[in-house]
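Heads up: the structure comes next, in structure tokens.
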Amino acid sequence: MEFWTEPQMASIHKMLNPRSIAIVGATPRMQYGGRFLAAALKAKDRVRVYAVNPRYDEIMGVKSYSSVTNLPEAPDLVGIVVPYDQVLDVLQESHRKGAGSAIVISAGFAERGVDDRRDLQGELAAFARASGMRISGPNCLGLANVKDDIWATASSRGADGLTGPIGLVCQSGATAFGPFLVRAVENGIGFSYIISTGNEADLDFTDFARYLLDDPETRVIAGFVEGFKRADKFLEVAKLAAERGKPIVLIKIGRSELGAQAARSHTAALTGADARYDAIFAQYGVIRVQDYDELLEVAHLLAHTPKPHVPGIAVVSHSGGISSLTADMCGQAGLDLPPLGQEARAGINGILKGFGWAANPADVTGFANSESFPQIMEHMINDPRMGTLVVASAGADAQAQQVISQRDRTDKGVVFLWTGSRDAKPGLTQLKHARIPIFYTPDKLARGLQNRLAYHTWREHRLADGFAAVPPRTAQQDAAVAQALGLGRPTLSESESKQLLAAWGVASAREHRANSAEAAALAAEQLGFPVALKVDSPDILHKTEAGVVRLNLGDMAQVRAAYAEITANAKAYLTALPLDGEGVGGGDRAGGNPSGHRAANSPPPPPSPIEGEGVDAANAIARQARITGVSVQEMVRDGLEVIIGVSCDPQLGPVLLFGSGGVMVEVYNDVALRRCPITRAEAEAMIAEVKGARLLQGFRGRPAADQGALADTLVRVSHLAMHMERHLAELDINPLMVLPSGQGVTAVDALVVLHGP
């Protein structure tokens with residue numbers, strides 16, 4: 001699928017690199033239209049700036065035109081600051097004039113949460129797609145080409161910033177031109193572009209990120225994101241970013257329900273389950289951070305330090321307490337501070353002469369502010385086990401210059417932990433001007449270094465392994481999908497679910513379906529005792545709760561009695577269900593294990609009689625027609641229980657879940673998540689993530705389980721999810737029994753939920 005076209009990228013280029021700008025709604029008052037004009041005029045020696053407002057002949061020293069039509073040229077960029085109900089007219093007029101792109105500052109669209117405003121925003125999107133004149137916004141504050149000092153923004157924060165290799169894309173304009181810009185200037189962190197996207201009627205975060213991947217002056221993409229309109233576009237950008245070696249660092253809000261609610265009310269963006277975002281960001285090499293400072297510091301670190309050739313961190317400070325705390329934070333982040341080699345220790349001790357300590361971390365006392373400090377740093381950074389040097393101090397200009405010179409002499413990363421006042425000028429100012437990455441707290445330093453190491457390690461493995469690809473569906477799989485869809489209901493019974501899974505090579509326990517007690521007894525004898533009996537019905541998902549499961553039945557008499565109990569309990573359970581279908585969902589498994597992995601898609605209620613009398617009885621009869629029989633299954637022994645599931649996130653698409661089996665999956669949430677599809681290496685990584693899966697290696701005399709077959713099954717289920725992406729709402733295999741090594745896996749219970757009509 002082609003997500004981006006050359007004309008689209010050309011329109012974005014004109015938006016970000018305009019040679020001419022028209023501001024419709026310009027005004028001499030320092031409101032949105034006035035601020036936009038004032039900011040644009042900062043580049044009037046390089047950019048032709050036009051004011052458009054029929055109420056004025058001149059604004060801020062430039063001629064004001066009555067309409068876009070009357071402009072002397074077709075502008076590259078039109079800034080629109082008019083009431084919401086006039087925006088579409090201005091866009092259409094601008095397109096007729098031949099304008100290249102537009103920024104809609106105007107608010108009052110989908111963020112208002114009412115249908116007519118959402119519809120109007122949809123009209124803007126349709127216009128952009130049809131016309132080819134692409135739009136940023138509405139409800140945004142514009143953008144800035146910082147590297148060329150062109151500010152097309154209605155922000156009240158002014159139009160000034162530092163040039164650097166970080167491209168910033170924010171859905172919130174007030175955040176982009178507020179805390180991010182202010183903190184970046186304060187900390188000497190430079191941007192190539194600052195882009196606010198607002199409601200994203202047309203262009204979204206991924207579109208601008210895609211453009212920045214082609215920009216040679218942007219090395220890192222930083223973002224503030226509330227939600228993604230299309231996960232597949234975002235993941236494609238992440239793949240391309242990995243290929244280009246341009247890290248993506250994000251704040252993704254919605255970690256709490258309060259944050260998720262705020263996102264919906266602010267930009268009408270939906271947020272998915274937060275754990276899924278964490279997992280998928282890690283899967284695709286996207287670095288997620290917590291706050292403004294961390295985003296800027298981590299992006300700056302990635303932009304201004306090379307890939308570490310070895311993971312070791314060397315820490316040197318004037319203070320034993322500071323160096324020890326820094327080492328503690330690095331250790332908690334999983335970083336390695338290797339001991340210094342003999343040569344480095346001898347060299348440093350020769351300088352210290354009994355004062356301080358030659359170690360890692362190194363407490364060099366007053367030598368941190370001496371002419372000997374460069375030799376100390378040299379000894380530490382030249383140790384072959386060290387890939388990065390951290391200087392934790394607050395020296396004046398002389399120390400800062402020594403650190404800068406050391407950075408310039410090495411191909412390893414040099415980072416500064418500033419321990420003095422943030423308002424200090426000596427030393428700190430030099431470090432900022434030299435673009436030395438600076439952190440102010442040991443914990444953020446450690447997280448930043450961990451993010452840097454994790455990113456480069458991930459990218460190295462990803463480039464070697466590649467991203468997952470999905471094979472085409474086979475004829476057998478086509479037939480299985482058609483059969484499932486042909487049932488005409490969203491919930492499949494257990495046997496129907498297993499039939500679907502079988503087309504993707506997921507084996508199930510041997511079973512026979514019986515419609516009488518005697519048939520069940522004969523089936524059990526054929527399978528071999530002991531057996532399990534379970535009702536087979538798309539309407540009964542909580543099998544244990546409904547009393548329709550019996551395990552370890554040892555003879556035919558027990559089977560006959562169990563059959564009678566199960567059918568009676570099934571009829572009673574179905575009769576008691578609410579007529580509207582509420583409360584139908586979730587499910588317990590043959591072993592009495594709750595899945596904990598259910599969608600809210602409940603099966604629709606069967607038709608009820610028109611007459612009021614006998615509704616309960618008639619409803620029970622209708623529901624009983626959905627009992628397809630009683631399943632007689634072999635008892636699968638010598639296996640370890642795990643769960644495999646798929647849920648289709650409205651933003652992220654199909655997400656694969658793997659977890660330890662039984663109640664542990666719910667009690668401890670012991671699961672791993674990935675976006676489908678996955679590679680075999682990703683399947684193995686999922687298994688390694690789950691603590692309970694350590695039992696698969698063999699425990700207290702138990703044989704090792706077939707982890708290879710489990711990994712293959714995870715891959716195949718991820719393919720099923722992609723093959724049925726438009727139809728699948730949720731899938732559960734719980735439990736999946738992982739048999740001893742070489743014997744494969746067996747699905748004991750399964751549930752498939754499809755999207756309703």
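Computed from a predicted model, the values in this text were never measured in an experiment.
S317 contributes no side-chain N or O that, together with a main-chain N or O of D363, makes up a donor-acceptor pair within less than 3.5 Å. Q171 places a side-chain N or O within donor-acceptor distance of the main-chain N or O of G227, the cut-off being under 3.5 Å. Using modelled atom types, no side-chain atom of N349 and backbone atom of G354 make a donor-acceptor pair closer than 3.5 Å. Listed for the K691 side chain is no donor-acceptor partner under 3.5 Å among the backbone atoms of D670. Without hydrogens or angle criteria, N145 side chain to I150 main chain gives no donor-acceptor distance under 3.5 Å. Of the possible donor and acceptor atoms, none in the side chain of D383 sits under 3.5 Å from a partner among the backbone N and O of A344. Using modelled atom types, one side-chain atom of R452 and one backbone atom of P306 make a donor-acceptor pair closer than 3.5 Å. The backbone N or O of A454 lies less than 3.5 Å from no partner atom in the side chain of T457, so there is not a single donor-acceptor pair.
You'll find the side chain of L295 stays beyond 4.5 Å of the side chain of F224, heavy atoms only. Annotation: side chain of K412 is not in contact with side chain of L389 (no heavy-atom distance under 4.5 Å). A heavy-atom distance below 4.5 Å is not found between the side chains of I287 and F281. Looking only at side-chain heavy atoms (C-beta outward), D712 and R716 come within less than 4.5 Å of each other. In this structure, V415 and I436 have side chains that are not in contact, with every pair of non-hydrogen atoms separated by 4.5 Å or more. Between V315 and L417, every side-chain heavy-atom pair lies at or beyond the 4.5 Å cut-off. Contact of the H304 side chain with the R219 side chain is registered, since non-hydrogen atoms from C-beta on lie closer than 4.5 Å. Proximity of K147 to F191: side-chain heavy atoms (C-beta onward) are nowhere separated by under 4.5 Å.
The aromatic rings of H13 and Y211 are tilted relative to each other, their planes meeting at an angle between 30° and 60°. The aromatic rings of F355 and F367 sit tilted, their planes meeting at an angle between 30° and 60°. Ring geometry, F205 versus F234: the interplanar angle falls from 30° to 60°, so the pair is classed tilted.
For A721 against P654, the heavy-atom pair with the smallest separation is CB-CB, 3.9 Å. Here the shortest heavy-atom pairing between C330 and L337 reads CB-CD1, 3.6 Å. Between R385 and L340, the shortest heavy-atom contact is NH2-C, 3.5 Å. Minimum heavy-atom separation, S718 to I678: OG-N, 3.3 Å. Of all heavy-atom pairs spanning C140 and T197, the tightest one is CB-C, 4.0 Å. Residues A693 and I687 share a closest heavy-atom pair of CB-O, 3.3 Å.
For CH2 of W458, the number of neighbouring non-hydrogen atoms (other residues, nucleotides, ligands) closer than 6.0 Å is greater than 12.
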For this session: Determine, stepwise, if the pair I381 / Q406 fulfils side chain to side chain contact (heavy atoms under 4.5 Å, CB included).
Result: CA-CA 9 Å; I381 203 167; Q406 179 61 61; 3.6 Å; yes
For this session: Tell me, with the steps shown, if F208 and L213 meet side chain to side chain contact (heavy atoms under 4.5 Å, CB included).
Result: CA-CA 9 Å; F208 287 108; L213 289 178; over 6 Å; no
Exercise. Between E186 and R422, is a salt bridge (Lys or Arg N to Asp or Glu O under 4.0 Å) present by the stated rule, with each step listed?
Worked result: CA-CA 9 Å; E186 288 176 349; R422 296 195 186 197; over 6 Å; no
For this session: For W151 and F177, run side chain to side chain contact (heavy atoms under 4.5 Å, CB included): C-alpha distance rounded to whole Å, both residues' side-chain angles, the deciding distance at 0.1 Å, then the answer.
Result: CA-CA 11 Å; W151 295 72; F177 292 98; 4.0 Å; yes
For this session: Evaluate the salt bridge (Lys or Arg N to Asp or Glu O under 4.0 Å) criterion for residues K246 and D215: first the C-alpha distance (whole Å), next the side-chain angles of each, then the deciding distance (0.1 Å), finally the verdict.
Result: CA-CA 11 Å; K246 293 190 178 186; D215 178 49; 5.9 Å; no
For this session: Evaluate the salt bridge (Lys or Arg N to Asp or Glu O under 4.0 Å) criterion for residues R459 and E243: first the C-alpha distance (whole Å), next the side-chain angles of each, then the deciding distance (0.1 Å), finally the verdict.
Result: CA-CA 8 Å; R459 182 170 181 261; E243 293 174 7; over 6 Å; no
For this session: Would you please test H300 and F439 for side chain to side chain contact (heavy atoms under 4.5 Å, CB included) and show each step?
Result: CA-CA 10 Å; H300 193 60; F439 292 83; over 6 Å; no
Exercise. Salt bridge (Lys or Arg N to Asp or Glu O under 4.0 Å) between D214 and R244: does it pass, once the steps are laid out?
Worked result: CA-CA 9 Å; D214 289 337; R244 309 282 178 89; 2.8 Å; yes
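Taking 4.0 Å as the cut-off between side-chain N and carboxylate O, K444 and D291 count as a salt-bridged pair. Under the 4.0 Å criterion applied to side-chain N and carboxylate O atoms, R462 and E682 are assigned as salt-bridge partners. Note on R288 versus E294: no salt bridge recorded, every NZ/NE/NH1/NH2 to OD/OE distance being 4.0 Å or above.
The distance from the SG atom of C676 to the CG atom of L652 is 11.5 Å, given to the nearest 0.5 Å. Here NE2 of H461 is found 12.0 Å from OG1 of T679. Values are rounded to the nearest 0.5 Å. Remark: I166 CD1 to L302 CG distance equals 9.0 Å, nearest 0.5 Å. Distance check: Q8 CD to F3 CZ gives 11.5 Å after rounding to the nearest 0.5 Å. One distance of note links OG of S323 with CH2 of W357; it measures 12.5 Å at 0.5 Å rounding. Note that the OG1 atom of T175 and the CZ atom of F180 stand 6.5 Å from one another [nearest 0.5 Å].
A donor and an acceptor atom, one from each side chain of Q450 and R447, are nowhere located under 3.5 Å apart. At a cut-off of 3.5 Å, with distance as the only test, a side-chain donor of R276 or S647 sits close to an acceptor on the other residue. Side chains of N17 and Y193: a donor on one and an acceptor on the other come within 3.5 Å. In summary, the side chains of R694 and Q697 do not present any donor paired with an acceptor at a separation below 3.5 Å, with no hydrogens or angles considered. For the residue pair E226/S172, the side-chain donor-acceptor check at 3.5 Å is not satisfied. Between the side chains of S192 and T218, at least one donor N or O lies within less than 3.5 Å of an accepting N or O. Looking only at atom types and distance, the side chain of Q375 has no donor-acceptor partner in the side chain of S372 under 3.5 Å away.
Residues Y284 and F467 bring their aromatic ring centres within 6.0 Å.
When each of K233, R230, K229 is paired with D207, the salt bridge (Lys or Arg N to Asp or Glu O under 4.0 Å) condition holds for K233 and for no other. Considering I189, N187, L428 as possible partners of I438, the one that fulfils the side-chain contact (heavy atoms from CB on, under 4.5 Å) test is L428.
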